[in-house]
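None of the values given here were measured: they were computed from a predicted structure. Below, chains carry the letters A, B, ... as their sequence lines are ordered, and counting in each starts from 1.
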There are 2 protein chains.
Amino acid sequence: MRVRLEDVARAAGVSPKTVSRVLNDEANVRAPTREKVRAAMAAMDYRPHQSARSLASNRSFLIAMLYDNPSSNYLTEIQAGVLEACDLHHYSMMVRPLHVGEGGFVERIDRLISHHRPDGLVLTPPITDHPGLLQRLHERRVLYASISPIERKGTIGAFIDEPEAARRMMATLLALGHRRIAHVIGHPGHGASQWRLAGYRQALAEAGLARDPELEVAGDFSFGAGVAAARRLFSLPRGRGPTAVFAANDDMAAGVIWAAGEHGLSVPRDVSVCGFDDTPIARQIWPALTTIHQPSREMGRIAALQLLDSLRGRGPGAMVQAPFSLELRESTAAAS
Amino acid sequence: MRVRLEDVARAAGVSPKTVSRVLNDEANVRAPTREKVRAAMAAMDYRPHQSARSLASNRSFLIAMLYDNPSSNYLTEIQAGVLEACDLHHYSMMVRPLHVGEGGFVERIDRLISHHRPDGLVLTPPITDHPGLLQRLHERRVLYASISPIERKGTIGAFIDEPEAARRMMATLLALGHRRIAHVIGHPGHGASQWRLAGYRQALAEAGLARDPELEVAGDFSFGAGVAAARRLFSLPRGRGPTAVFAANDDMAAGVIWAAGEHGLSVPRDVSVCGFDDTPIARQIWPALTTIHQPSREMGRIAALQLLDSLRGRGPGAMVQAPFSLELRESTAAAS
DNA sequence: CCTTGGCGTGACAGCGCTGTCAATTTGCCG
DNA sequence: CGGCAAATTGACAGCGCTGTCACGCCAAGG
C-alpha cells in the first residue's frame with residue numbers, strides 16, 4: 001500500500017491535520033513541527049493523493065488552457081510555459097481546442113468546467129475576447145488569465161507592446177529607404193491585428209507618409225491569406241506596388257515570399273518582406289524572415305503564474321508586460 | 001449546491017449504488033431501471049464528481065501523453081486525436097514534454113505517475129522505444145499505447161507501413177527518371193529513420209541500382225540538419241551529386257530546398273526534393289513539397305482508443321495500421 | 001495574580017462516490 | 001406449484017484528505 005498522510009503523521013508524531021497544514025503551507029505551524037513533518041514526508045517519499053485532496057477541499061489543482069488557434073508553433077510554446085508554471089506549484093494542466101464561431105461555444109466550456117472543475121483557465125487569443133464567455137466566467141466565478149487580450153483592464157495575464165513592436169519594425173523598413181510599404185492585416189477577431197495595424201499606420205504618420213488603402217490588405221494570419229494578399233499587391237501597376245511588405249505574422253509573410261517566387265520577384269532584392277512572432281517558420285524559409293520575436297513560452301509561464309498566485313490567495317495577480325525584440329534576417333534589404 | 005448521485009437516486013427511486021452502476025455502464029441493471037435512472041440524470045443535469053469517483057474507485061480517468069519531439073505540428077495533431085478519443089469516453093488528457101537523454105528520465109515519469117496517477121499513457125517516438133522506461137511501466141503495471149514504436153509486438157497503438165511508404169516515394173522518383181537519388185536520414189533514435197532508410201535502400205535494390213554511401217547523409221529530422229546535409233550533397237563533384245533528394249521528413253526537406261537556394265540551384269528544375277509526414281510546412285515553402293501524408297491525428301485517436309478499450313476492460317487492444325498517401329506537389333519533376 | 005486573546009494542535013465528521021457482500025426478486029425447471 | 005440458481009438491487013463502510021471547531025498553552029495587560 002502507498003504511504004498516506006496518516007502514516008506520515010504517525011511517523012512524525014503529530015496529528016494528520018498538522019501534516020495537512022504543512023502540506024498546504026498553512027500558517028500557524030511552529031517551525032520545528034513543520035520541519036519534523038517535512039522530514040518525515042521526505043523520508044517516506046510521501047505523495048499526496050490529488051483526488052482525495054480535491055474531494056475534501058473542493059479544489060482540483062487543475063488549470064485548463066483553452067485555444068482556438070491554428071498556429072501550432074505558437075500553441076506548443078504557450079503550452080510549455082503554462083506547464084512550467086503548473087509544475088512549479090504541483091498543479092496539472094489540461095488543454096482544450098475550441099472553435100469560437102461554433103454554436104454552443106460558451107456551453108461547451110461551461111460543460112468542460114462542470115466536468116473537470118479546473119481551478120482556473122488560461123485563455124489565448126482570440127478566446128480572450130469573447131464577451132459571452134467572459135461574462136459566463138464571471139457569473140460562475142471562474143478565475144482566468146489571458147494572453148494578449150484586447151481589453152487588459154481588470155484582467156491578469158501577459159502581453160507585449162504590440163503597437164510599439166510594429167512601429168519598431170516599420171522604423172527598420174523606413175531606415176532602409178522604403179517608402180511604399182504594404183501591410184497584410186491579421187485576422188479581424190484578434191487584438192494583435194488591430195494593434196499591429198495601428199502601429200503600422202502610426203509609423204507612417206510619424207514619417208510623414210500618406211496611407212495608401214491599396215497597400216493595406218486584409219488577411220487572417222494564414223499562409224494562404226499571405227499568398228492571396230501578395231498576389232494582389234504584386235499585380236499593382238508599376239509605381240503603385242510596394243517595395244516592402246510587412247505581414248502581421250510569420251505565416252502570412254511566408255505566404256508573401258511564396259507568392260513573390262511565383263511572380264518572379266526576388267526577396268529581398270525586388271521586395272523586402274517581414275513578419276511578426278518569430279515562429280520556427282521564420283528560419284525555415286529562404287530567405288530567413290526579419291520578424292518580431294515574441295517570448296510566447298515566457299508569456300504562457302507568466303500568465304499561469306499570475307493565475308496560480310491569485311488562486312492560492314497570494315495577491316491579486318497582475319497583467320504583466322513582456323519584452324519583444326526585432327530579429328533582423330535576410331528577407332529585408334535597402335529599397336532599390 | 002450541485003446535484004449529487006444521491007439526489008439522482010432519490011429522484012429515480014433507486015439506491016445510490018444503482019445509479020453508480022448505470023453511470024459506469026455496469027452489467028446487471030434491468031433495462032427499465034437503467035432508463036429511469038438515465039432519465040433522472042438527464043433531467044437534473046447530473047455531472048459526476050471526478051475526484052470522488054477517482055478516490056472511491058482508485059482510477060483517475062486521466063490519460064497522460066508523453067513526448068520528446070521538436071515538431072510541434074506533429075504533436076498538436078497527435079494531441080488533438082488523443083483528445084478526441086478521451087472526450088468520447090469522458091477521460092481527461094494531460095501532456096508532458098520530456099527529454100529522453102536527460103538524467104533521471106525514467107524517475108521523472110515515475111514521479112509523474114505517482115503524482116497524477118494516470119490510468120494509462122500514450123507514448124510518441126522516440127519515447128516509445130526507451131527500454132528502461134518500458135520496463136518500469138511493466139513493473140508498475142501501467143498500461144500504455146504507442147504511436148509508431150520500433151517494436152510493435154506486444155504493444156497497442158497505431159502505425160503506418162513506413163518502409164512501404166518510403167518505397168512508394170522512391171518509385172515516384174524513379175519513374176521520373178531519377179537514378180542518383182540521395183536520402184537524408186532521420187534521427188538515429190527514431191524507428192522512422194530506420195524504416196524510411198530501409199525503404200529507400202530496398203527501392204534502389206529493386207530498381208537494380210547500387211547504393212552510394214555518399215548519397216546517404218545523416219540527419220536528425222531538424223531543418224538545420226537538412227541544410228547541412230544538402231550542403232554536402234550539393235558540393236559533390238558534377239556527376240556524383242544527386243538529381244533528387246529524399247529527406248526523411250518535411251523539415252529536413254525544407255532545409256534541403258533552403259540550401260538549394262543558397263547554392264543557386266532551382267527546385268525542381270535542377271534537383272527534385274521530397275519529404276515525409278506532410279506537416280503544414282510542406283505547403284508553406286516554395287515550391288510546395290512532394291511528401292508522404294501520415295494521418296497523425298487519426299493515429300493519435302486510434303492509439304488512445306485502443307488504450308481506453310483495454311483500460312475499460314473492453315478487449316485487449318490492438319496495434320492498428322493506418323493508411324498513408326503520397327502527395328505529389330511541385331518540388332519534384334522529371335530528371336534533367 | 002488573574003484575565004484575555006491569539007497561537008498551535010488535534011478530534012471528528014464528512015467530501016461524493018464505489019467495492020463488498022448480503023438481501024431480494026426473477027426466471028426456469030421438474 | 002415448489003425449489004433453486006442467477007439476476008438484480010441495496011446497505012454499509014470506507015477511499016485519503018481537509019474544514020470546523022474545540023482545547024490547551026503562553027504572553028501581555030490590568
task: Could you check which residues of residues 29-42 of chain A get a heavy atom under 4.0 Å from DNA chain C? Sort them by number, please.
output: A:V29, A:R30, A:T33
task: Answer yes or no: side-chain N or O of B:R2 and base N or O of C:dG16 forming a donor-acceptor pair under 3.5 Å.
output: no
field: Among D:dT9, D:dG16, D:dG14, the nucleotide that comes nearest once only the side chain of B:A56 is considered
entry: D:dG14
task: Just compare D:dT9, D:dT18, C:dG16 and give me whichever is closest to any side-chain atom of A:L55.
output: C:dG16
- line: CE of B:M319 to OG of B:S148, rounded to nearest 0.5 Å, is 8.0 Å
message: Please check if the number of heavy atoms outside B:N24 that lie under 6.0 Å from its CG is greater than 12.
response: yes
- prompt: Where the side chain of B:T18 is defined as all heavy atoms beyond and including C-beta, which of D:dT9, C:dG16, D:dG19 is the nearest nucleotide?
  reply: D:dT9
query: Would you say C:dC17 has OP1 or OP2 under 4.0 Å from some side-chain N or O of B:Y46?
result: yes
message: Rounded to whole Å, please give me the gap between CD in B:E6 and C1' in D:dC12.
response: 13 Å
- prompt: Whole-Å distance between D:dT8 P and B:E26 CD?
  reply: 13 Å
- prompt: Can you check the B:K17 NZ to D:dT9 C1' distance for me, whole Å?
  reply: 11 Å
field: Residue pairs fulfilling ring-ring contact (aromatic ring centres under 6.0 Å, His included) with at least one residue in residues 72-99 of chain B, sequence neighbours excluded
entry: A:H115-B:H90, B:F61-B:Y91
query: Just how far, in rounded Å, is P of C:dT20 from CZ of B:R21?
result: 12 Å
message: Testing the 3.5 Å rule here: is there a donor-acceptor pair between the side chains of B:T18 and B:S15?
response: yes
- request: Supply the atom-to-atom distance B:L133 CG to B:L98 CG, rounded to the nearest 0.5 angstrom.
  value: 8.5 Å
task: I would like to know whether B:R96 and B:Y67 meet side-chain contact (heavy atoms from CB on, under 4.5 Å); could you show each step before the answer?
output: CA-CA 6 Å; B:R96 174 70 33 170; B:Y67 62 88; 6.0 Å; no
statement: With the side chain defined as heavy atoms from C-beta on, B:R4 is closest, among D:dT18, C:dG10, C:dC17, to C:dC17
message: Just the rounded figure in Å: distance from C1' of D:dC17 to CZ of B:R53.
response: 20 Å
- request: May I have the distance from B:F61 (atom CZ) to D:dC15 (atom P), rounded to whole angstrom?
  value: 18 Å
message: Expressed as a whole number of angstroms, how long is the span from B:L5:CG to D:dC12:P?
response: 17 Å
- prompt: Atom CE of A:M44 and atom P of D:dG16: how far apart are they, to the nearest Å?
  reply: 14 Å
- request: Counting heavy atoms from C-beta on, name the nucleotide in C:dG10, D:dA7, C:dT18 closest to the side chain of B:N28.
  value: D:dA7
message: Mind checking if B:N58 touches a base, just sugar-phosphate, or nothing, with heavy atoms under 4.0 Å?
response: nothing
query: Taking atom OG of A:S72 and atom CD of A:E77, what is their separation to the nearest 0.5 Å?
result: 10.5 Å
statement: Winner on side-chain proximity to A:S57, out of D:dC17, D:dT18, C:dT18, is D:dT18
